[in-house]
J.: 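My questions all concern the structure below.
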Amino acid sequence: MSTLPFPFPVVRWDAGDVVLIDQTLLPGRLEFRRCHTVAQLCVAIGELAVRGAPAIGVAAGYGLALSWIRGMEEGLGSEECEAQLGRDRRTLAATRPTAVNLVWALDRVLARTEPLRAEANCEQVLVALLCEADAVLDEDIAMCRALGRAGQELLPQQGTVLTHCNAGGLATGGYGTAVGVIYAAREAGKEIAVFADETRPQLQGARLTAWELLSQGVPVTVLCEGAAASALRQGLIDAVITGADRIAVNGDAANKIGTYPLAVLAARHAVPFYVAAPASTFDPRARTGGDIPIEMRDPQEVCSWRGVRSVPEGVDAWNPAFDVTPADLVTAFITEHGVLKPPFPTALLEG
Ligand code: MRU
């Protein structure tokens with residue numbers, strides 16, 4: 001089992017490279033992937049070697065430093081480095097269209113280093129880019145801890161939480177949003193067990209949530225998504241908590257495909273459905289869920305698993321990576337500012 005420190009070192013800057021836990025290999029192998037170029041980092045994001053909206057944001061922040069340092073090594077002047085930075089920002093932003101934290105982190109790092117980039121030498125700019133990327137990482141961990149503390153108060157002293165996909169340490173700077181609430185509950189002395197939806201087609205729940213909870217000594221049981229209705233109906237679940245990739249102003253929330261049916265099921269069985277996400281996941285430019293772009297992924301992810309075909313040749317698949325849960329199915333949002341209950345959007349705007 002993992003001997004990793006906790007919060008997990010999901011994304012790090014190391015000797016001029018971005019180093020990631022390679023999540024495509026878990027749970028079988030715990031290995032790190034070294035990205036030397038922005039192109040390699042974009043491939044890693046596209047392949048889900050690093051995934052989860054906040055973790056992608058952290059990685060992209062370091063990606064800007066990667067762009068700059070490679071430019072310096074190629075002997076580019078500050079103007080050429082700046083032009084390359086702009087191109088790399090656009091390439092990074094296009095890798096995962098639904099995760100708003102990606103664009104949020106890129107814009108933040110660029111905005112906060114802009115005055116310096118206009119006047120300082122290349123070395124000073126690199127230091128500034130790295131400092132800002134470090135700040136995005138450190139603040140993400142702090143926000144997730146705060147969010148966890150706020151959210152754990154919603155949970156009973158003893159109970160079971162159903163979660164979907166992986167909104168844990170592996171999906172963030174290291175601590176987690178939905179799963180962070182569970183860590184915080186346990187830190188507060190509560191006995192919380194987890195049911196983890198396996199999460200077709202990439203199995204983030206079965207592979208990643210189960211792996212990280214096991215590594216932290218949290219009791220975890222994996223179930224097929226299709227079994228969630230039965231678990232809820234049998235009264236095995238006290239609360240459903242998921243993360244989000246983007247939340248619109250009216251409270252509609254995009255998250256891994258399969259979240260919306262879970263919210264419908266939770267409402268049907270009068271079980272609270274919570275969405276845990278930091279403020280960086282709230283998109284003021286998305287008025288409703290209809291404004292959230294939904295990433296469409298390769299049908300091959302549905303048609304085969306690790307190269308073995310499971311759907312007849314000649315049959316296509318429809319593979320949206322995310323769905324949108326309407327705000328009226330969300331019992332509350334759990335953020336680092338506290339718990340936001342309806343009516344939305346008033347509560348969101350006040351948050
Ligand atoms: O496709 P993924 O694995 O990046 O999807 C991740 C999710 O849907 C998470 O629930 C979401 O990003 C929140 S992570 C704290």
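Just follow the structure's listing: the first ligand is 1, and inside any ligand the first atom is 1. Predicted, not measured: the structure shown is a model, and the values here were computed from it. The first residue in the sequence is number 1, and the count goes up from there.
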J.: With a 4.0 Å heavy-atom cut-off, what residues sit around ligand 1?
T.: Arg51, Gly52, Ala53, Pro54, Arg96, Cys165, Asn166, Ala167, Ala171, Thr172, Thr177, Gln204, Ala244, Asp245, Asn255, Lys256, Phe322
J.: Is the number of heavy atoms from other residues, nucleotides or ligands within 6.0 Å of CZ (Phe344) greater than 12?
T.: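 Counting other residues, nucleotides and ligands, CZ of Phe344 exceeds 12 neighbours.
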J.: Please say whether more than 12 non-hydrogen atoms of neighbouring residues, nucleotides or ligands are located less than 6.0 Å from CD in Glu79.
T.: no
J.: Share the residues that join Trp318 in a hydrophobic cluster, the rule being Ile, Leu, Val, Met, Phe, Trp or Tyr side chains under 4.5 Å apart at the heavy-atom level.
T.: Met296
J.: Classify the angle between the aromatic ring planes of Phe333 and Phe282 as parallel (below 30°), tilted (30 to 60°) or perpendicular (above 60°).
T.: perpendicular
J.: Distance only, no hydrogens: is a donor on one side chain within 3.5 Å (strictly under) of an acceptor on the other, for Arg207 and Asn166?
T.: no
J.: Kindly assign one of parallel, tilted or perpendicular to the pair Tyr183 and Phe6, based on the angle between their ring planes and the thresholds 30° and 60°.
T.: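 If you compare the ring of Tyr183 with that of Phe6, the planes turn out perpendicular.
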